[in-house]
Protein chains: 2
Amino acid sequence: MGDRTEANPPGRYERILRDAGVRITRPRRIILTILADGGDHPDALEIFRRTAAIDPSISLSTVYRTMKLLEEKGAIQRHVFEGGPSRFERADGDHHDHLIDIESGEVVEFRSDRIEKLQEEIARELGYEIVSHRLELYGRKRQPD
Amino acid sequence: MGDRTEANPPGRYERILRDAGVRITRPRRIILTILADGGDHPDALEIFRRTAAIDPSISLSTVYRTMKLLEEKGAIQRHVFEGGPSRFERADGDHHDHLIDIESGEVVEFRSDRIEKLQEEIARELGYEIVSHRLELYGRKRQPD
DNA sequence: GTCTGTGCAAAAATTTTGCACCAGT
DNA sequence: ACTGGTGCAAAATTTTTGCACAGAC
């Protein structure tokens, strides 16, 4: 999967938000930095821990409010994997789905154009147009025997 | 989709549970009846409302405990659609995925062997074996133009 | 009679919100 | 300055749990 940092130059989110008429405050800038840095899928509490390490005055409410805002602006995606709380990841252009390691909680990203196509076909057959979708595989590492 | 009641004769769940060494109590029997009757995807509170209509002494805790039990025994499936609480449906033999109408909340079931196969392939390529999976399409009715 | 299941109330976990103050533009 | 954003504490929502009693086997 590797490094995708260059896909999110610092300020990418800032631009999205500014263009939407949203103020760039200190808490928001810090949260945005954390999201841009992370290649993972942290939940609100984890993001809060990371902001707290940088500026302990930032509240959990602000984290939640910012996540909701970013989601509405299309800057991040929210995932609710089985059982757990919402987890977030930035939304670059590239759509992908998730494979969750049920033993470690690790998330592997993947993408299948064939599956995407099939989904479209199915929706059309049922008389619907897809607005969004969610495909999650839950599995464990295969033992190389 | 239509009537699937015959796929769940009364007592189907009872057998599953009895075989698992679980006692068939009055609350459980009532909850099981509700699940067997419903062709829908109620959440815990809705199930509680339905049990309350039959026997108001049944508590919400018992509903939750029973749902968890049934899930563990493989008798029902839990779904967490975007935003909302867990919703449940009985697990017959037939696996299917869900298309959720984002306007009405209605759930349409579908199944695609081709998608299932592709999922297996993808997991294998990534070095995993699938334990479970979740595919949800969120969409709106297409206007017949 | 034994041991699991239940109701109740309290707690836990996650997320949202009212309000007075603060800060970005 | 104006307006939207923030921290805090309290509430809302969903789910779990401790405990004493009830009920299935």
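Convention: sequence-line order gives letters A, B, ...; per-chain numbering from 1.
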Sugar-phosphate only, base, or nothing, as touched by B:R18 at under 4.0 Å among non-hydrogen atoms: sugar-phosphate

Exercise: identify the closest heavy-atom pair between B:R50 and B:D40: NH2-OD2, 2.7 Å

A:P85 meets the side-chain contact (heavy atoms from CB on, under 4.5 Å) criterion, sequence neighbours left out, with A:D43

Separation of atom NE2 in A:H79 from atom P in C:dT15, rounded to whole Å: 14 Å

Mind checking which nucleotides bracket the chain B contacts on DNA chain D, 5' to 3', with an atom under 4.0 Å from a heavy atom? D:dT14 to D:dC25

Given that B:S61 and A:D43 both sit by DNA chain C, which one's nearest nucleotide is further toward the 5' end? B:S61

Base, sugar-phosphate alone, or nothing: which one does B:I24 contact when heavy atoms must sit under 4.0 Å apart? sugar-phosphate

Check each residue of residues 65-72 of chain A for a non-hydrogen atom within less than 4.0 Å of any atom in DNA chain D, then write out the ones that pass by number, or none. A:R65

Is B:K141 salt-bridged to B:D101, going by a charged N under 4.0 Å from an acidic O? yes

Residue met sooner reading DNA chain C from 5', once B:T62 and B:R23 are mapped to nucleotides: B:R23

Interatomic distance, A:R29 CZ vs C:dT25 C1' [rounded to whole Å]: 12 Å

Answer yes or no: is there an ion pair linking B:E136 with B:R134, defined by an N-O contact shorter than 4.0 Å? yes

Sidechain-backbone polar pair: A:R87 side chain, A:H41 backbone, donor-acceptor under 3.5 Å: yes

Separation of C:dG5 atom P from B:R28 atom CZ, nearest Å, is 4 Å

Residue-phosphate contact under 4.0 Å: A:Y64 side-chain N/O, C:dT15 OP1/OP2: yes

Nearest nucleotide by nearest heavy atom, which residue falls closer to the 5' end of DNA chain D, B:P27 or B:L45? B:L45

Look at the side chain of A:T62 and the backbone N and O of A:I58, then say whether any donor-acceptor pair between them is shorter than 3.5 Å. no

Please work out if A:T25 contacts a base, only the sugar-phosphate, or nothing of the nucleic acid, heavy-atom cut-off 4.0 Å. sugar-phosphate

Whether A:D97 and A:R111 form a salt bridge (side-chain N of Lys/Arg under 4.0 Å from carboxylate O of Asp/Glu) is what I want to check. no

